[in-house]
There are 2 protein chains.
Amino acid sequence: MSDGATGLIETEAGAGPRNGERRRGIDRVIMLLEALLRHRAPMRVGDIAKMIGAPRSTTYEIVNSLLEAEMLENVGTEGYVYFGRAMHLFGWAYSHHNAHYRRIIETLDKMAAETGETVQLCGLRGNKYIVLDCRDSSGPFRISSDVGVEVPIPWTASGRLLLSHMSEEEVKDFIPPGDYKLPDGRVIAPAEFFSDVALARQQGFSETAALADRFTWCMAAPIRDGHGAIDKTLCFVLPVDTPEARRSELLALLCERARGLSLAGS
Amino acid sequence: MSDGATGLIETEAGAGPRNGERRRGIDRVIMLLEALLRHRAPMRVGDIAKMIGAPRSTTYEIVNSLLEAEMLENVGTEGYVYFGRAMHLFGWAYSHHNAHYRRIIETLDKMAAETGETVQLCGLRGNKYIVLDCRDSSGPFRISSDVGVEVPIPWTASGRLLLSHMSEEEVKDFIPPGDYKLPDGRVIAPAEFFSDVALARQQGFSETAALADRFTWCMAAPIRDGHGAIDKTLCFVLPVDTPEARRSELLALLCERARGLSLAGS
DNA sequence: AAATGCTGTCTGAAATATCAGACAATAACG
DNA sequence: CGTTATTGTCTGATATTTCAGACAGCATTT
């Protein structure tokens with residue numbers, strides 16, 4: 001059973017309407033929701049149709065069904081739709097049904113309150129990194145990388161930890177080649193990344209300075225599941241000029257809390 | 001096992017669809033998710049099939065699609081499924097896309113931190129009351145009425161406010177007759193409820209003592225939308241023996257904050 | 001051992017949901 | 001002004017999906 005994560009959305013560029021494909025309603029719904037998540041803003045039905053490669057008439061039909069179920073809702077003056085209330089309820093049910101996740105959220109809250117810094121819970125989604133939850137810094141320094149947005153793994157401190165169960169060969173096969181290229185054009189040498197991963201595994205934490213953007217210092221610590229594997233990470237996103245003393249203090253706190261959240265293996 | 005007093009299983013109109021009705025996949029998905037939300041715990045595929053009145057083979061098909069999309073996920077060792085990670089991401093996107101909602105959540109956090117009491121954001125879903133979000137008391141007094149669970153409107157303080165735009169006649173038509181019956185068997189006289197609604201409208205807040213259960217004192221204040229209508233409410237859920245002085249202090253805070261969150265209407 | 005109840009997977013067949021496209025309204029644009 | 005995009009709604013046809021039911025496997029009960 002290969003768990004091909006999220007492969008349903010077609011690339012919108014290039015290949016013209018290679019039509020004739022008739023798709024199931026359910027699959028359309030899934031594509032639609034993922035498209036909305038990536039777009040991160042209300043969309044018009046016509047644009048949704050283009051983005052998921054579905055006929056307009058079908059898209060209207062589906063959108064109306066989802067509107068009625070409150071899984072989507074109308075937003076703004078006309079024609080825009082975005083996620084609806086029902087999604088909030090479903091998501092809340094997800095994140096509170098399991099005691100471990102609740103403990104993690106509590107810790108997130110506490111750390112944000114204690115330090116005033118931006119704290120995130122991170123994980124993988126397919127071969128990308130995503131923020132699963134976050135508490136933004138109360139200060140003016142507000143990065144707020146959005147929850148659920150897929151980011152190339154090599155751009156992140158957490159990513160180095162989340163791959164630490166893999167061999168170098170496995171990492172090489174796992175990361176799409178284009179993902180080594182940073183937003184500013186620089187390219188991370190794969191060999192360097194592999195040694196970063198090894199270092200993270202050895203140290204039990206990972207830090208990056210001014211990587212994905214020039215202004216942030218990121219530090220991540222592993223939360224281990226019942227088998228000792230690194231499932232999620234806890235991390236701080238700091239201004240890059242945070243003094244060393246403060247940084248090491250925060251790093252110690254981060255590691256301690258992450259360890260406390262790890263499930264004691266058998 | 002038997003969950004709550006929701007006797008009506010098949011929603012929609014009274015005439016239950018006769019056996020042999022063929023339904024759309026999308027509708028099955030919607031029914032499935034709502035069934036999971038009501039049940040509030042992982043379910044087996046067979047039970048889901050029974051609960052939504054779908055053939056087993058169809059249900060397997062749908063569940064597998066949703067599992068692959070991470071809208072559901074396997075939980076526990078055997079056959080149980082519940083909401084998946086994708087739902088969390090969709091829900092997060094919903095609750096953060098709009099600035100007003102974010103302000104409300106911030107206020108919720110702040111009030112919980114300041115008072116240590118249980119704070120809730122409430123609203124209507126169809127002709128039922130639901131909790132939209134909450135912060136549980138840090139103390140041992142933890143009620144934690146679940147987010148998203150539908151509750152008869154007359155059982156709640158918020159409900160009295162949320163109906164205050166309706167005439168007595170409209171309220172009468174809106175509330176299902178069975179909803180006046182409290183969990184302990186007592187019945188609220190409709191006339192009394194109507195005058196409660198009127199009182200709430202006049203006072204600009206609403207309180208109930210030991211109504212839905214014997215141990216809680218609830219107080220609610222309205223959050224008004226751009227048109228001045230009461231869209232949501234903010235409320236405290238207190239131990240019923242909270243001293244009067246403390247209660248009036250909290251009530252003042254509640255009303256002030258709710259007013260601050262209301263959108264300046266015309 | 002037989003009987004019962006489950007789960008998860010397949011099948012073929014029939015009912016229908018998806019699709020392409022037409023349509024009227026509205027807006028944007030030169 | 002005509003021309004070119006929209007949006008939202010309908011239509012009928014057919015390719016597909018839903019459905020009933022059979023099946024093997026596993027467990028528990030009689």
Side-chain angles (χ1 to χ4, degrees), chain A residues 1-4 8-10 12 15-36 39 41-69 71-82 84, chain B residues 1 10 12 16-36 39 41-69 71-82 84:
Chain A
M1 286 172 278
S2 68
D3 45 311
L8 274 174
I9 297 189
E10 298 176 6
E12 51 178 319
R18 201 170 279 280
N19 62 17
E21 287 273 317
R22 188 183 153 130
R23 294 256 204 195
R24 226 161 40 142
I26 296 189
D27 293 329
R28 295 289 191 202
V29 168
I30 293 168
M31 289 186 280
L32 191 160
L33 297 175
E34 304 237 331
L36 261 190
H39 196 257
M43 293 174 80
R44 294 232 216 78
V45 181
D47 295 322
I48 294 175
K50 271 180 214 140
M51 182 159 257
I52 67 177
R56 261 161 20 86
S57 50
T58 304
T59 310
Y60 272 102
E61 176 73 33
I62 290 173
V63 165
N64 286 332
S65 291
L66 296 179
L67 282 172
E68 199 173 352
M71 288 176 63
L72 297 181
E73 71 182 30
N74 278 305
V75 65
T77 50
E78 229 177 312
Y80 283 87
V81 297
Y82 202 53
Chain B
M1 314 298 177
E10 300 257 298
E12 308 304 299
R18 269 278 159 258
N19 207 348
E21 283 264 327
R22 188 184 150 128
R23 289 198 113 118
R24 249 191 348 176
I26 297 189
D27 295 328
R28 295 290 192 200
V29 168
I30 292 169
M31 287 189 278
L32 191 161
L33 296 175
E34 304 240 327
L36 260 190
H39 194 257
M43 292 175 79
R44 294 228 219 78
V45 181
D47 295 322
I48 294 175
K50 271 180 216 140
M51 182 158 260
I52 67 177
R56 258 158 27 83
S57 50
T58 304
T59 310
Y60 271 102
E61 176 74 33
I62 290 171
V63 166
N64 286 331
S65 291
L66 296 179
L67 282 173
E68 200 173 351
M71 289 177 63
L72 296 181
E73 71 183 29
N74 280 111
V75 80
T77 50
E78 242 179 293
Y80 284 86
V81 298
Y82 202 52

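Here is how names work: the chains are called A, B, and so on, in the same order as the sequence lines, proteins then strands, and each is numbered from 1. Treat the numbers as computed from the prediction; the structure is a model and nothing was measured.
C:dT18 atom P lies 11 Å from atom CE of A:M31, rounded to whole Å. Rounding to whole angstrom units, CD1 of residue B:I62 and P of C:dT9 are separated by 15 Å. The OH-C1' distance, from A:Y60 to C:dA24, rounds to 14 Å in whole Å. Rounded to a whole Å, the CD atom of B:E78 is 10 Å from the P atom of C:dT7. Between the P atom of C:dG5 and the NZ atom of B:K50 lies a distance of 11 Å, rounded to the nearest Å. As rounded to whole Å, 13 Å separates atom C1' of D:dT17 from atom CG of B:D27. Protein atom CZ of B:R23 is 13 Å distant from nucleotide atom P of D:dT18, rounded to whole Å. Atom CG in B:D47 sits about 10 Å away from atom C1' in C:dC6, given to the nearest Å.
Nearest to the side chain of A:V45, among C:dT18, D:dG8, D:dA22, sits D:dG8. With C:dC19, D:dA20, D:dT7 as the candidates, the nucleotide lying closest to the side chain of A:R28 is C:dC19. Of the candidates C:dT9, C:dT7, C:dA14, C:dT9 carries the atom nearest the B:N64 side chain, counting heavy atoms from C-beta on.
Under 3.5 Å, the side chain of A:T58 and the base of C:dA17 form no donor-acceptor pair of N or O atoms. If you check distances only, the side chain of B:R22 never reaches the base of C:dT16 with a donor-acceptor pair under 3.5 Å. A:R24 contributes no side-chain N or O that forms a donor-acceptor pair with the base of C:dA17 under 3.5 Å.
Residue contacts shown for B:R56 include a base, since a base heavy atom lies under 4.0 Å away.
What you find for B:L33 and A:M71 is that their closest heavy atoms are CD1-CE, 3.9 Å. In terms of heavy-atom proximity, A:I26 sits nearest to B:G25 at CG1-C, 4.0 Å. Closest non-hydrogen pair, B:L32 versus B:I62, comes out as CD1-CG2, 4.0 Å.
Just one residue in the list A:D47, A:I48, A:N64 forms a side-chain contact (heavy atoms from CB on, under 4.5 Å) with A:T59, and that residue is A:I48.
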Would you please test B:E61 and B:R28 for salt bridge (Lys or Arg N to Asp or Glu O under 4.0 Å) and show each step? CA-CA 11 Å; B:E61 176 74 33; B:R28 295 290 192 200; over 6 Å; no
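Each of B:G46 and B:S57 was matched to the nucleotide of DNA chain C holding its nearest heavy atom; the match closer to the 5' end belongs to B:G46.
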